[in-house]
Every structure is written in C-alpha cells, then in structure tokens.
Amino acid sequence: MHLSVGQFRKLVAEALDELPDAFHELMQNVEVVVEEHPPSELEDEFEGLVLGLYQGVPLNRRSVMDMQLPDKISIYRRNILRICQTPEQVREQVRQTVLHEIGHHFGMDESQLRDAGY
C-alpha cells in the first residue's frame with residue numbers, strides 16, 4: 001500500500017479533528033507527529049511492529065507543581081502502510097492508532113485500551 005506523507009498526515013489530522021472539543025482542550029500540550037518508522041530498539045523492545053508511541057506523563061499521573069515539556073505522540077507511517085491493503089484500512093488503522101496513543105495520554109494502560117477496542 002502506498003500513500004504519500006502528505007496524504008498520511010491528512011488522515012492523522014482527520015482523526016484528531018474527530019475528537020470531541022473537551023478532549024482537544026485537554027491535549028493542549030501534546031505534539032502529534034508522523035514519522036516514517038520507529039527506532040529499531042523500540043521494535044525490539046515491543047517485539048513487533050510499532051504503529052504509534054506516546055511519550056510523556058499521562059494526565060492522571062501529573063502534579064500541578066510539575067513543569068512539563070510537551071508530550072509527543074508519534075504515528076509510524078511505514079508500519080501502518082505495511083499492514084494495510086486498502087486506503088480504507090489505512091484510514092481506520094490511523095484512526096485507531098491515534099486514539100490508542102491519546103488513550104495513553106489520558107492514562108489508560110494496554111489492557112484498558114484493548115477492552116475499549118483500541
């Protein structure tokens with residue numbers, strides 16, 4: 001499956017636009033980026049294809065006294081394209097990956113995200 005970087009970024013932006021306003025307000029200090037692929041050591045650590053990564057301190061673990069750098073959500077373009085066969089599959093996988101990583105920002109762990117369908 002091939003999709004240009006620009007087209008892929010547009011899918012990420014669309015997934016973010018679908019979020020309710022209340023979520024946007026809580027994500028003011030989060031940078032969402034598209035990267036071609038994750039560092040190899042990350043895939044070694046997770047033993048497989050990594051589609052996205054949240055880096056930061058989840059909202060439910062922050063103190064009001066902490067000075068926080070922006071959190072970062074990376075969406076890995078090549079890995080998503082590798083597992084999808086159609087543009088519709090890419091759109092849905094991007095949406096699910098974005099929502100999954102946002103879930104980590106809000107403090108959800110992997111089992112909670114699986115239970116929620118992400």
Side-chain angles (χ1 to χ4, degrees):
M1 179 73 226
H2 176 74
L3 206 63
S4 73
V5 174
Q7 292 168 316
F8 194 90
R9 284 188 177 131
K10 184 177 178 187
L11 293 178
V12 171
E14 288 172 5
L16 291 168
D17 287 345
E18 292 176 10
L19 293 173
D21 290 340
F23 286 90
H24 282 283
E25 292 173 19
L26 294 170
M27 292 185 55
Q28 301 240 344
N29 201 27
V30 180
E31 177 185 21
V32 180
V33 298
V34 171
E35 296 182 17
E36 283 301 294
H37 50 80
S40 59
E41 62 271 5
L42 184 64
E43 288 193 316
D44 291 344
E45 178 183 340
F46 288 99
E47 299 177 3
L49 281 179
V50 176
L51 305 180
L53 179 69
Y54 168 72
Q55 296 171 284
V57 178
L59 291 178
N60 65 343
R61 294 191 191 143
R62 291 186 185 176
S63 164
V64 293
M65 302 304 284
D66 290 339
M67 295 300 288
Q68 297 291 324
L69 294 173
D71 291 0
K72 181 179 177 184
I73 293 175
S74 299
I75 307 298
Y76 298 116
R77 178 178 165 270
R78 287 191 184 181
N79 285 358
I80 289 176
L81 294 178
R82 187 176 298 158
I83 65 169
C84 295
Q85 305 297 315
T86 67
E88 293 79 21
Q89 288 176 340
V90 174
R91 179 183 307 278
E92 181 57 23
Q93 187 60 64
V94 165
R95 183 181 142 310
Q96 288 223 356
T97 303
V98 167
L99 293 175
H100 181 99
E101 301 310 329
I102 288 171
H104 285 309
H105 172 67
F106 286 102
M108 296 175 77
D109 64 24
E110 290 297 326
S111 67
Q112 291 170 316
L113 289 163
R114 268 192 304 278
D115 291 347
Y118 301 107

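The residues of the chain are indexed from 1 along the displayed sequence.
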Pairing residues for E45 by the side chain to side chain donor-acceptor pair (under 3.5 Å) criterion, not counting sequence neighbours: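 Counting only residues at least two positions away or on another chain, E45 forms no side chain to side chain donor-acceptor pair (under 3.5 Å).
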
For S40, give me all partners under side chain to side chain donor-acceptor pair (under 3.5 Å), at least two apart in sequence or on another chain.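 If we apply the side chain to side chain donor-acceptor pair (under 3.5 Å) test to S40, skipping adjacent residues, there are no hits.
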
Taking L3's backbone N and O only, do any of them form a donor-acceptor pair with Q7's side chain (distance below 3.5 Å, no angle check)?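 Pair absent, no side-chain N/O of Q7 close to backbone of L3.
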
Main-chain N/O of A15 paired with E18 side-chain donor or acceptor, under 3.5 Å: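 The answer is no, because no donor-acceptor pair under 3.5 Å joins these two groups.
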
Less than 4.5 Å apart, side chain to side chain, heavy atoms only: is that true for [X] and [Y]?
X: L81; Y: H2; value: no
X: Q89; Y: I83; value: no
X: I102; Y: V32; value: no
X: R9; Y: S4; value: no

Do you know which two heavy atoms are closest between [X] and [Y], and how far apart they sit?
X: P38; Y: L42; answer: CB-CD2, 3.7 Å
X: L26; Y: H105; answer: O-NE2, 3.3 Å
X: G107; Y: P58; answer: CA-CB, 3.7 Å

Measure the spacing between [atom1] of [X] and [atom2] of [Y] and express it to the nearest 0.5 Å.
X: N79; Y: E43; atom1: CG; atom2: CD; answer: 4.5 Å
X: I80; Y: L11; atom1: CD1; atom2: CG; answer: 9.5 Å
X: E35; Y: Y76; atom1: CD; atom2: OH; answer: 5.0 Å
X: T86; Y: M1; atom1: OG1; atom2: CE; answer: 7.0 Å
X: L59; Y: M27; atom1: CG; atom2: CE; answer: 9.0 Å
X: Q55; Y: E101; atom1: CD; atom2: CD; answer: 9.5 Å

Less than 4.0 angstrom from a charged side-chain N to a carboxylate O is my criterion; do K72 and E31 meet it?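 Between E31 and K72 there is no salt bridge, as every charged N stays at least 4.0 Å from the carboxylate O atoms.
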
Any chance CZ of F106 has more than 12 other-residue heavy atoms, nucleotides or ligands included, within less than 6.0 Å?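 Count over threshold, so yes.
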
What pairs of donor and acceptor atoms, side-chain ones from residues 90-100 against any protein atom, are under 3.5 angstrom apart with sequence neighbours left out?
residue : atom : partner : partner atom : Å
R91     : NH1  : E14     : OE1          : 2.5
E92     : OE2  : R95     : NH1          : 3.3
E92     : OE2  : Q96     : NE2          : 3.1
Q93     : NE2  : T97     : OG1          : 3.1
T97     : OG1  : Q93     : O            : 2.8
H100    : ND1  : Y118    : O            : 2.4
H100    : NE2  : H104    : NE2          : 3.1
H100    : NE2  : E110    : OE1          : 3.3
H100    : NE2  : E110    : OE2          : 3.3

